[in-house]
Amino acid sequence: MNKQELVKEILAIKKVDSKANLMKKKLNDLKDILSSLQSEEGEVEEVSVKPKAKPEKKKVELDDLVACRNLTSGRLVYISKKTGFEVVWSEYGDVEYLPVSELLTMKSSQPKFLKDPWMFIDDEDVADYLGLTKLYETIIPVDEVEEFFELSANEARQILPKLPKGTKTLLSERARQGIQDGSLNNLQLIKLLEQELQIDLINLMD
């Protein structure tokens, strides 16, 4: 297994650390962590008398209000073509609440909001109901975007090709901001971002 696969296996068993921090570890260290977690899991299974019942999924109602986070680098506006419903996110990470019925309308009439994605549905059951679970496995969580820029070029190279369009656009904007404010100065990572995201960053450097 490569690093990304090992990290995925580790986090599937237990969230021992953030994805970004795990990606910084050496391959052999990740293998040791996974082996240790699998051993612990095996011991728990032997002691258990009854298998744990799977948690029941909650029933999703059309009028349920769901927290939705802005995944773009700035202002995001949604206006429903069907109902005229309007919501505005002022900046990255902002949360607004939308009914499930409107998310269904969004999915059929303006799918880029959900598929690129421009926003993140902060409810696992609703995300699954809308068929977004697999997509959400490929995006970088809101609270880990800044940590991405602390990765080495080799670590980032394993992640970038699998990211959806909206996340790549977000990283492009964050990279530009990082160069302008001086927080991003890893030349190898910058060159990789230029190549993978097809953007010009070097010319922004002093």
Exercise: do Asp181 and Ser183 side chains pair donor with acceptor under 3.5 Å: yes
Joint cluster assignment, Val87 & Val95, ILVMFWY side-chain distance < 4.5 Å: no
Residues Arg174 and Glu146 bridged, charged N to O under 4.0 Å: yes
Whether Gln110 side chain and Ile79 backbone form a donor-acceptor pair below 3.5 Å: yes
Backbone of Lys31 reached by a side-chain donor or acceptor of Ser35 within 3.5 Å: no
Evaluation steps, side-chain contact (heavy atoms from CB on, under 4.5 Å), between Leu98 and Val66: CA-CA 5 Å; Leu98 280 73; Val66 185; 5.8 Å; no
Distance in Å, Thr105 OG1 paired with Lys107 NZ, rounded so as to fall on 0.5 Å steps: 12.0 Å
Within 6.0 Å of CD in Glu144, more than 12 heavy atoms from elsewhere: yes
Point-to-point distance, once rounded to the nearest 0.5 Å, from CG of Leu71 to CG of Asp94: 11.5 Å
Heavy-atom side-chain proximity of Cys68 to Leu103 below 4.5 angstrom: yes
Single-linkage hydrophobic cluster, 4.5 Å side-chain cutoff, Tyr97 and Leu62 together: no
Donor-acceptor pairs are to be reported for all side-chain atoms of residues 159-169 against protein atoms at under 3.5 Å, with residues two or more places apart or in another chain.
| unit_1 | atom_1 | unit_2 | atom_2 | d |
| --- | --- | --- | --- | --- |
| Thr169 | OG1 | Lys165 | O | 3.1 |

Tyr78 (side chain) donor-acceptor with Phe85 (main chain) under 3.5 angstrom: no
side-chain contact (heavy atoms from CB on, under 4.5 Å) between Glu86 and Val77, intermediate numbers included: CA-CA 7 Å; Glu86 181 176 346; Val77 180; 4.3 Å; yes
Shortest non-hydrogen contact from Ala153 toward Leu189: CB-N, 4.0 Å
Trp89 and Phe113 aromatic ring geometry - parallel, tilted or perpendicular at 30°/60° bounds: tilted
Qualifying salt bridge (charged side-chain N to carboxylate O under 4.0 Å, His left out) pairs, either residue in residues 110-123, two or more places apart: Lys58-Asp123, Arg69-Asp122
Glu102 side-chain N/O to Pro99 backbone N/O, donor-acceptor pair under 3.5 Å: no
Ile190 backbone acceptor or donor facing Asn186 side chain under 3.5 Å: no
Single-linkage hydrophobic cluster, 4.5 Å side-chain cutoff, Met106 and Val88 together: no
Main-chain N/O of Val60 paired with Asp64 side-chain donor or acceptor, under 3.5 Å: no
Under 3.5 Å: donor-acceptor pair, side chain of Tyr136, backbone of Ile121: yes
Minimum side-chain heavy-atom gap Leu187-Ile202 below 4.5 Å: yes
Check against side-chain contact (heavy atoms from CB on, under 4.5 Å), Glu173 and Thr72: CA-CA 9 Å; Glu173 293 300 322; Thr72 70; over 6 Å; no
Thr138 (side chain) donor-acceptor with Leu135 (main chain) under 3.5 angstrom: yes
Heavy-atom check, side chain of Ser73 versus side chain of Leu170, under 4.5 Å: yes
Electrostatic pair Glu194-Lys191, nearest N-O below 4.0 angstrom: no
Non-hydrogen side-chain atoms of Gln38 and Leu34 separated by less than 4.5 Å: yes
Euclidean distance, Leu201 CG relative to Ile179 CD1, rounded to 0.5 Å: 4.0 Å
Val145 vs Phe148, side-chain contact (heavy atoms from CB on, under 4.5 Å): CA-CA, chis, key distance, verdict: CA-CA 5 Å; Val145 169; Phe148 172 84; 5.6 Å; no
Straight-line distance of Leu184 CG to Met205 CE, nearest 0.5 Å: 7.5 Å
Any donor-acceptor pair under 3.5 Å from Asn70 side chain to Glu91 backbone: yes
Rounded distance [0.5 Å steps], CG in Leu171 versus CG in Leu197: 6.5 Å
Atom CD of Gln180: over 12 foreign heavy atoms under 6.0 Å: yes
Nearest-0.5 Å distance, CG of residue Leu193 to CZ of residue Arg157: 10.5 Å
